[in-house]
Amino acid sequence: MAKGGQTPNPASPRMQAAWKLKDSGDVLSARREAERILADNPTPEDKAQAEELLRRASTAPALYGFAILAAVLLVLLVVLAATRY
């Protein structure tokens, strides 16, 4: 597998198309194509690359925690402002 943000050398034309979709910014279509590849009983290389594409195209779980924290702080500030005035 490639390191960092590099796109690995695709094992098949279908994976090449999926990586091109991701690199062009169409993450949703890239994820759908990777899921289709995994559903079609792929070769081990295609399976590994499809899983890597899905991993790279997913949202980090910590981001949801920060979003919840920001929402709680915002609500707290609104409540404090409303009780002060």
For residues S29 and D26, report the shortest heavy-atom separation together with the two atoms involved. OG-OD2, 2.9 Å
Closest heavy-atom pair, A18 versus A30, reported as atoms and distance to 0.1 Å, is O-CB, 3.5 Å
How far does [atom1] of [X] sit from [atom2] of [Y], to the nearest 0.5 angstrom?
X	Y	atom1	atom2	result
L80	L73	CG	CG	10.5 Å
E35	R31	CD	CZ	5.5 Å
K47	N41	NZ	CG	9.0 Å
L38	Q49	CG	CD	11.0 Å

Charged N to carboxylate O below 4.0 Å: is that the case for E52 and R56? yes
Between D40 and R14, does any side-chain N to carboxylate O distance fall below 4.0 Å? yes
Just wondering, do M15 and I37 contact through their side chains at under 4.5 Å, heavy atoms? yes
Side-chain contact, heavy-atom cut-off 4.5 Å: K22 with E33? no
